[in-house]
Amino acid sequence: MHPPRILLGVNIDHIATLRQARGTRYPDPVQAALLAEEAGADGITVHLREDRRHIQPRDVRLLAEVLNTRMNLEMAVTEEMLALAEEMRPPHVCLVPEKREELTTEGGLDVVGGFSAIEAACQRLAAVGCDVSLFIDPEQAQIDAAVRAGAPTIELHTGAFAEAAIGSQTAEDEYQRLTQAAHVASEAGLVVNAGHGLNYHNCEIIAAIPGINELNIGHAIIARAMFVGLKEAVVEMKRLIIAGQEAGLMAALDAHDHDHGDHQSCCGQ
């Protein structure tokens, strides 16, 4: 059976970053979300940080009312955030690590180290109908812990790959880690998403990894929108990730045919 088409989640945090820089009412991330949907976004991701540096509770509440696709709420594992999610009941919640001094999320959630709190958070969110995802590094131990915690979905942290020089051995090693992690997680029955640091130059190869359900991309799309407009920026990104998935499927099919041919030549006749 042909796998489902890869999905694009558009993170609109940095529309709110620009708004908060001046404390104005514009640009409105809710308007940006609707434009992204019109351009083909399959979902809208927002990170409600504890320091409220960009997205505000008002944005989350309005998005919950007006989105035609679905909202993916990224948040830390804190009592304040859990209570807010229980009140708002977003369709998707992605639990992420958070440090106030960081510019952006610097690594995956340590599910192993914080297992009890994360398992309890998964149970609380599931009880109010939220599909829970854990943002983790591509490591076997973290995947195993995610399964034990009861999370149906993970999002693989692609930051280490994205930060490596294209074509370098480091990039190759990180790509193999992501590929192996996606395989292991899929075999364990998890839905596998990926994101962080992805842009117009590296998204295709990540989309080509078998088993990837969705890519969440924000900064690159918003930056591109400054020059071509938000709708075109989303259209371009979606075109790239679909092309990447198709290339990955073709490569897998070619590898299967090659292996099958070798088997026939050795074992046939």
Side-chain angles (χ1 to χ4, degrees), residues 4 6-21 23-98 104-105 109 118 120-135 150-155 191 193-196 213-219 221-222 225 230-231 233-234 237-238:
I6 192 168
L7 304 177
L8 172 62
V10 176
N11 185 309
I12 56 169
D13 289 351
H14 291 300
I15 297 292
T17 298
L18 187 57
R19 177 192 63 191
Q20 297 306 116
T24 57
R25 293 186 176 186
Y26 63 87
D28 192 338
V30 176
Q31 181 182 5
L34 296 176
L35 286 172
E37 283 188 326
E38 288 178 16
D42 299 292
I44 302 297
T45 294
V46 290
H47 184 175
L48 182 61
R49 296 184 70 106
E50 291 183 89
D51 63 10
R52 305 294 196 266
R53 68 176 65 169
H54 39 56
I55 294 295
Q56 305 298 307
R58 165 264 187 199
D59 302 324
V60 179
R61 290 189 172 92
L62 283 177
L63 288 168
E65 292 181 7
V66 304
L67 286 183
N68 296 299
T69 54
R70 54 187 168 75
M71 177 170 58
N72 176 36
L73 176 62
E74 294 183 340
M75 62 180 223
V77 186
T78 65
E79 180 56 37
E80 179 200 7
M81 291 299 165
L82 288 169
L84 194 66
E86 287 174 324
E87 173 202 337
M88 296 183 180
R89 303 189 176 196
H92 297 266
V93 172
C94 185
L95 299 179
V96 302
E98 187 175 311
T104 185
T105 306
L109 192 67
I118 292 167
C122 289
Q123 292 173 351
R124 285 178 62 176
L125 292 167
V128 294
C130 301
D131 180 277
V132 184
S133 175
L134 304 181
F135 182 72
T153 305
I154 61 169
E155 181 172 339
V191 175
N193 300 332
H196 199 78
N213 168 69
E214 179 178 64
L215 297 183
N216 283 302
I217 305 175
H219 186 266
I221 291 175
I222 303 307
L230 183 57
K231 281 190 175 182
V234 172
M237 184 62 77
K238 189 161 183 178

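This one's a predicted model, so the numbers in the text were calculated from it and none came from an experiment. Side-chain atoms are counted along with the backbone in the values below, which use heavy atoms only and exclude waters and symmetry mates.
The shortest distance between side-chain heavy atoms of P90 and C130 falls below 4.5 Å. Side-chain contact between R61 and E87 is present, with at least one heavy-atom pair separated by less than 4.5 Å. Side-chain atoms of L95 and M75, non-hydrogen and from C-beta on, do get closer than 4.5 Å to each other. The closest side-chain heavy-atom distance from I6 to N213 is not below 4.5 Å. Considering only heavy atoms from C-beta on, L125 comes within 4.5 Å of L82 through its side chain. Contact of the L34 side chain with the V66 side chain is registered, since non-hydrogen atoms from C-beta on lie closer than 4.5 Å. R19 has its side chain within reach of Q56: a pair of non-hydrogen atoms, C-beta onward, lies under 4.5 Å apart. Using a 4.5 Å heavy-atom threshold, the side chains of H196 and F135 count as touching.
Heavy-atom minimum distance, A151 versus C122: CB-SG, 4.1 Å. I12 and A33 get closest at one heavy-atom pair: CD1-CB, 3.8 Å. When every heavy atom of A121 is checked against every heavy atom of V77, the shortest pair comes out as CB-CG1, 3.9 Å.
Taking a 6.0 Å sphere around CD of Q123, one finds it holds more than 12 heavy atoms contributed by other residues, nucleotides or ligands.
With rounding to the nearest 0.5 Å, the separation of CG in D59 from CG in L73 is 11.0 Å. To the nearest 0.5 Å, atoms CZ (R53) and CG (D13) are separated by 10.0 Å. In this structure, the separation between CD1 on I44 and CG on N72 is 10.0 Å, given to the nearest 0.5 Å. Once rounded to the nearest 0.5 Å, the distance linking CG of L109 with SG of C94 reads 8.5 Å. The distance from atom CE of M71 to atom CZ of R89, rounded to the nearest 0.5 Å, is 13.5 Å. Distance check, rounded to the nearest 0.5 Å: CG of D28 to CG of L18 gives 12.0 Å.
Judged as a side chain to side chain contact (heavy atoms under 4.5 Å, CB included), and not counting sequence neighbours, the contacts of I222 are H14, I15, L230. Partners of E79 by salt bridge (Lys or Arg N to Asp or Glu O under 4.0 Å), not counting sequence neighbours, listed by chain and number: R124. Qualifying side-chain hydrogen bond (donor to acceptor under 3.5 Å, both in side chains) partners for E80, counting only residues two or more places apart in sequence or in other chains: R52.
Side-chain contact, N216 with N11: no donor N or O sits under 3.5 Å from an acceptor N or O. T153 and D131 are linked by a side-chain donor-acceptor pair at a separation below 3.5 angstrom, with hydrogens and angles left out of the test. E37 and T69 share a donor-acceptor pair across their side chains, judged by distance under 3.5 Å alone. Of the N and O atoms on the side chains of H47 and E98, at least one donor lies less than 3.5 Å from an acceptor on the other residue.
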Fill in: Worked check of side chain to side chain contact (heavy atoms under 4.5 Å, CB included) between L84 and L48
CA-CA 10 Å; L84 194 66; L48 182 61; 3.0 Å; yes

Worksheet entry | side chain to side chain contact (heavy atoms under 4.5 Å, CB included) between L62 and R58, intermediate numbers included | CA-CA 6 Å; L62 283 177; R58 165 264 187 199; 3.3 Å; yes

Worksheet item: Can you list the steps and then say if L8 with E214 is a side chain to side chain contact (heavy atoms under 4.5 Å, CB included)?
Response: CA-CA 6 Å; L8 172 62; E214 179 178 64; over 6 Å; no

Item to complete: For the pair K238 and D42, evaluate salt bridge (Lys or Arg N to Asp or Glu O under 4.0 Å) and give the outcome as yes or no after the intermediate values.
Response: CA-CA 9 Å; K238 189 161 183 178; D42 299 292; 3.4 Å; yes

Fill in: Candidate pair L215 and L7, rule side chain to side chain contact (heavy atoms under 4.5 Å, CB included), full reasoning
CA-CA 6 Å; L215 297 183; L7 304 177; over 6 Å; no

